[in-house]
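Basis for what follows: all heavy atoms, side chains included, without hydrogens, waters or symmetry-related copies.
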Amino acid sequence: MDRSASIRAGSETRESEREVLLQRVAELDRSLEQALVTAEDAQEEARLLAADRIQIEEEMTAQRHEIAALRERLTASETRRAELLDALADSDQRLNTLRRDETHLSEELQTSYEELQVLTEELEEANAALEQRVEERTAQLTESERRFRTLFEAMDEGFLLADVLFDGDRPVDVLYLEMNPAARRMAGEDYVGRRMREISPAFEDFWYEVFGRAARDGEPTRTELYAGPLEKWLSFYVFKVGAPEQRRIAVIFRDVTERKRTQEQLRQAKETAEAANRAKTKFLAAASHDLRQPIQAAALYAHVLLGSVGSDPIAQESLNRLKASIDSLNGMLSGLLDLSRLEAGVIEVSVSDFSPTALMTRLAEEFRGVAEASSIDLRCRPSRLAVCTDPHLLERLLRNLLSNAIAHGHSKETGAKGRVLVGCRRRADGVEFQVWDNGPGIPEDAREAIFEEFRQLNNPERNATQGFGLGLSIVSRIARLLGTEVTLRSWVGVGSVFSVTVPYARKPEAGAVAVPVANREPRLKGRTVLLVEDDEQVRRSMTMMLKRWGLKVVAVSSAGELAAALPGLRRPHVVLTDYRLPGGDSGRSVVELVRQRWPVPGIIITGDTAPERLREAMSLGCRLLHKPVLPADLAGALGEVLPS
């Protein structure tokens, strides 16, 4: 029962389960149908979805590309944004700066506006003042124009305005625009409105050239020209005026005809004076030659007599007086010789560094005896400063100054003892040599004349013991030769000081320079002299003196006699000849004639002081001695030219 019940119960259960299953199957069928419908719907939907998916994928791909592009744009936008942010920050900073600047500018504008107001007020005041000044200036200009017009009308110089007319670059005419009265007076007529060629075709071409240069090139010219049509010399200044494109000139001129005539007269007077000076030189040369001939013979005979008069006091006194007279004449002629040598330009300047101490001391000792004989106290204050100049010329210059000071170094009016001082002073540009004396002094109006030849003060009787008026002239010329000048300070009744400044030595340690002295005692014995002299007295005295020195003498009187005797002569050691010989021959022709056979040295003796003689002797390489020749000078010259 229990089992049946269980079976029934089981059956019922199974039946229930079957019903349930059937229900489930039915439900499942319905669900399947529904599922099939749903599946179909789903398939359709899946198909649609697949199509949508494809479309979506295409859209997504397009969107991805768009997104990529957007991302790139976003990246660019971010970069741009960063840049814009930086620019914005910079703009903010600049804006802030501009705002600050604007604030300052506003303040400055305000200040400037205030200043502008002040300036406007000042400008108004200045404008008022300017208007007043313009009025005053206008009045001044009117007055100046009136004065200029008055001056224009009254001035002595001629004034004119003109336009220069050109053909290309060539000036062909001058049109006158304005002339003042002075110009009209000098021209003799009014040129205004007229042309130069119309006024006179005879005006010279150089007028057009000068005016043309001024008008075309703006080249001012100041000169003097002769105007033929006016028959006047005009000194004028021409210059360009007006605008640059204009060719207008102004000319200021004056008549200098009288001055030109005076200059021409002075030129002719100068030529006449120079001709007279040349005639004087020739006269002195001729007179010197004629005077020296007898003086030469007298000097030689006096020398020969020295060993013949013995101890006779009257003869000794007469011989001494004869020698004094000969020395006086010789001094004057020697001065002429120095002037001739300086004029000839044959004196060469040989500059060297040396100390002048020994030179000054020797000169002082040389002149001490002469000074004592004239009651002159001679003092020397040499300097150790070395100088740079020609020692020989400096010695000659100081020698003449000392001789002049001793001759005039005491005052006859006061009778005081004379004093002469030679010394040196240090100066900025060199050493100044000074020669002082306490003589009568030199008046102001005579301080230039004393440097002229043959000019002496306080010696109207021409006392030869006071010289011949050549010393200071020689001093002045020597100074110019040395590149310096002689200065004079003098006080009438007190004394004078002559000074000359020479440069310092290039080497300050330079020592003394000894001025060479010619050998006065040459060894002449046994030498042969060929003597040519036309004056019998001079030839005989010269022969006697040369023979006393132990020389052999061959004496002839002319170049013709020499030419005839020359083939039979033996070679002489030296030719001693006068310059002027008979028949128009000269010492030059004698030396050249002898040198055709033998190259012997020559000595030419002349009384001619003309500069040409000095240059001629130098060109021959001969020694030139001027009459009267002192025996010692002749002996020295022979010793120099004769070979040892």
Side-chain angles (χ1 to χ4, degrees), residues 140-279:
Q140 292 175 358
L141 287 174
T142 303
E143 178 64 19
S144 297
E145 184 178 358
R146 185 187 65 79
R147 291 178 180 176
F148 171 76
R149 179 57 57 179
T150 302
L151 177 63
F152 179 79
E153 298 291 333
M155 65 188 297
D156 293 334
E157 288 80 7
F159 180 85
L160 61 86
L161 290 174
D163 281 337
V164 182
L165 308 180
F166 285 82
D167 180 7
D169 281 341
R170 186 173 64 89
V172 294
D173 211 340
V174 178
L175 174 63
Y176 293 94
L177 304 176
E178 191 169 358
M179 295 177 68
N180 69 342
R184 289 193 290 270
R185 284 195 305 272
M186 280 183 267
E189 56 182 310
D190 192 352
Y191 289 174
V192 174
R194 301 170 64 190
R195 298 187 179 188
M196 181 180 284
R197 295 194 183 277
E198 171 195 350
I199 295 166
S200 174
F203 273 108
E204 295 81 357
D205 290 340
F206 50 70
W207 290 100
Y208 299 98
E209 294 172 2
V210 173
F211 289 172
R213 282 199 304 271
R216 181 187 58 238
D217 306 328
E219 178 183 341
T221 301
R222 188 187 301 275
T223 188
E224 294 179 355
L225 293 175
Y226 182 73
L230 303 179
E231 297 182 350
K232 292 180 180 180
W233 278 92
L234 300 178
S235 173
F236 65 92
Y237 178 61
V238 55
F239 54 96
K240 183 179 178 67
V241 294
E245 65 274 7
Q246 289 182 311
R247 295 191 170 180
R248 182 166 296 176
I249 59 171
V251 185
I252 301 173
F253 62 98
R254 55 193 175 90
D255 187 351
V256 293
T257 306
E258 289 300 322
R259 177 169 63 79
K260 282 290 185 179
R261 289 174 182 168
T262 303
Q263 288 178 346
E264 178 63 20
Q265 292 171 358
L266 289 174
R267 185 189 64 79
Q268 293 176 358
K270 181 182 178 183
E271 291 178 354
T272 302
E274 290 175 347
N277 188 55
R278 290 191 296 270

* Structure fact -> Sorted by chain and residue number, the salt bridge (charged side-chain N to carboxylate O under 4.0 Å, His left out) partners of Arg247 (sequence neighbours excluded) come out as none
* To do: Sort and list the pairs that fulfil side-chain hydrogen bond (donor to acceptor under 3.5 Å, both in side chains) and have at least one residue in residues 160-171, not counting sequence neighbours.
  => Asp163-Arg248
* Would you mind listing every side-chain hydrogen bond (donor to acceptor under 3.5 Å, both in side chains) that reaches into residues 259-268, with sequence neighbours excluded? => Glu224-Arg259, Glu224-Lys260, Glu258-Arg261, Glu264-Arg267, Glu264-Gln268, Arg267-Glu271
Can you give each donor-acceptor pair under 3.5 Å made by side-chain atoms of residues 226-245, sequence neighbours left out, with the distance rounded to 0.1 Å?
unit_1 : atom_1 : unit_2 : atom_2 : d
Lys232 : NZ     : Met186 : O      : 2.8
Lys240 : NZ     : Ala215 : O      : 2.9
Lys240 : NZ     : Gln246 : O      : 2.4

* Check whether any side-chain heavy atom of Val251 lies under 4.5 Å from a side-chain heavy atom of Phe159, and answer yes or no. => no
* With sequence neighbours left out, what residues match Ala162 under side chain to side chain contact (heavy atoms under 4.5 Å, CB included)? -> Leu160, Val174, Tyr176, Ile249
* To do: Work out which heavy atom in Pro220 is nearest to a heavy atom in Gly218; give both atom names and the distance.
  => CD-O, 3.1 Å
For residues 190-200, which side-chain N or O atoms pair as donor and acceptor with protein atoms under 3.5 Å away, sequence neighbours left out?
unit_1 : atom_1 : unit_2 : atom_2 : d
Asp190 : OD1    : Val192 : N      : 3.0
Arg194 : NH1    : Glu189 : OE1    : 2.7
Arg194 : NH1    : Asp190 : O      : 3.4
Arg197 : NE     : Val172 : O      : 2.5
Arg197 : NH2    : Val172 : O      : 3.3
Glu198 : OE1    : Arg195 : N      : 3.4
Ser200 : OG     : Ala202 : N      : 3.2

* **All ring pair (Phe, Tyr, Trp, His ring centres under 6.0 Å) counterparts of Tyr208, not counting sequence neighbours** => none
* State the CZ-CG distance between Phe203 and Asp173, to the nearest 0.5 angstrom. => 11.0 Å
* Asked: Under the salt bridge (charged side-chain N to carboxylate O under 4.0 Å, His left out) rule, what pairs show up with a residue in residues 205-216, not counting sequence neighbours?
  -> Arg213-Glu219
